[in-house]
Amino acid sequence: MAKVSFNKELCKGCGLCASACPKGIIRISETETNNKGYNVAEVTDMTKCIGCASCYVMCPDCVIEVER
């Protein structure tokens with residue numbers, strides 16, 4: 001099973017990872033923020049992750065780690 005994790009302190013909440021996800025399981029949180037005040041990315045249903053790493057490739061700040 002694939003696993004996606006985010007370094008939330010580096011996340012700017014740009015949403016590029018969410019737009020790149022073919023399964024539509026990444027979103028920008030409406031409630032969780034980091035120390036800089038940005039709303040951060042989160043996975044809504046990890047069981048649907050296929051480990052394609054599209055989110056990883058799209059992220060401009062190297063915030064995402066994908067384990068397969």
Side-chain angles (χ1 to χ4, degrees):
M1 181 174 157
K3 180 182 176 193
V4 175
S5 58
F6 301 89
N7 181 337
K8 295 186 181 212
E9 289 307 315
L10 296 178
C11 183
K12 296 184 299 194
C14 67
L16 291 174
C17 56
S19 64
C21 180
K23 294 295 185 175
I25 60 169
I26 300 175
R27 69 176 180 192
I28 302 303
S29 175
E30 295 177 6
T31 57
E32 187 176 358
T33 59
N34 61 18
N35 287 334
K36 294 180 182 176
Y38 293 113
N39 289 68
V40 296
E42 63 185 5
V43 176
T44 58
D45 187 355
M46 193 65 72
T47 62
K48 293 183 180 178
C49 181
I50 58 173
C52 67
S54 293
C55 57
Y56 170 83
V57 172
M58 185 61 76
C59 182
D61 297 311
C62 301
V63 169
I64 303 169
E65 184 175 320
V66 179
E67 297 175 35
R68 297 180 198 180

K.L.:
Flag yes if Phe6 and Tyr56 sit in one hydrophobic cluster, no otherwise; membership is Ile, Leu, Val, Met, Phe, Trp, Tyr, and two members link when side-chain heavy atoms are under 4.5 Å apart.
P.N.:
yes

K.L.:
Using 0.5 Å steps for rounding, measure from the NZ atom of Lys8 to the NZ atom of Lys36.
P.N.:
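Reported value, rounded in 0.5 Å steps: 16.0 Å.
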
K.L.:
Using side-chain contact (heavy atoms from CB on, under 4.5 Å) as the criterion, point out the one residue from Thr44, Ile50, Val43, Ile26 that pairs with Cys21.
P.N.:
Ile26

K.L.:
Return the minimal non-hydrogen interatomic distance between Pro60 and Cys14, and the atom names on each side.
P.N.:
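Looks like CD-SG, 4.3 Å.
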
K.L.:
State, to 0.1 Å, how close Ala41 and Cys17 come at their nearest heavy-atom pair, and which atoms those are.
P.N.:
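Result for this residue pair: CB-SG, 3.8 Å.
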
K.L.:
Could you list who else is in Met58's hydrophobic cluster, with ILVMFWY side chains joined at under 4.5 Å, directly or through other members?
P.N.:
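Answer for Met58: Leu16.
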
K.L.:
Looking at OG1 of Thr47 and NZ of Lys3, how far apart are the two atoms once the value is rounded to the nearest 0.5 Å?
P.N.:
14.5 Å

K.L.:
List the atom of Cys59, the atom of Cys62, and the distance in Å for their closest heavy-atom pair.
P.N.:
SG-N, 3.6 Å

K.L.:
In this structure, would Ile28 and Tyr38 fall into the same cluster of hydrophobic residues linked by side-chain contacts under 4.5 Å?
P.N.:
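Looking at the clustering, Tyr38 is in a separate group from Ile28.
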
K.L.:
Write down the atom of Gly51, the atom of Arg68, and the distance for their closest heavy-atom approach.
P.N.:
O-NE, 2.9 Å

K.L.:
What distance separates Asn34 CG from Asn39 CG, expressed to the nearest 0.5 Å?
P.N.:
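Asn34 atom CG to Asn39 atom CG measures 8.5 Å (nearest 0.5 Å).
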
K.L.:
In terms of heavy-atom contacts, does NZ of Lys12 have more than 12 from other residues, nucleotides or ligands at under 6.0 Å?
P.N.:
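No, the 6.0 Å shell around NZ holds no more than 12 heavy atoms from other groups.
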
K.L.:
As an exercise, state the distance from CG of Asp45 to CZ of Arg27, rounded to the nearest 0.5 Å.
P.N.:
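Between Asp45 CG and Arg27 CZ, I get 11.0 Å after rounding to 0.5 Å.
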
K.L.:
Work out which heavy atom in Val66 is nearest to a heavy atom in Ala53; give both atom names and the distance.
P.N.:
CG2-CA, 4.1 Å

K.L.:
Look at the side chain of Asn7 and the backbone N and O of Val63, then say whether any donor-acceptor pair between them is shorter than 3.5 Å.
P.N.:
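Pair absent, no side-chain N/O of Asn7 close to backbone of Val63.
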
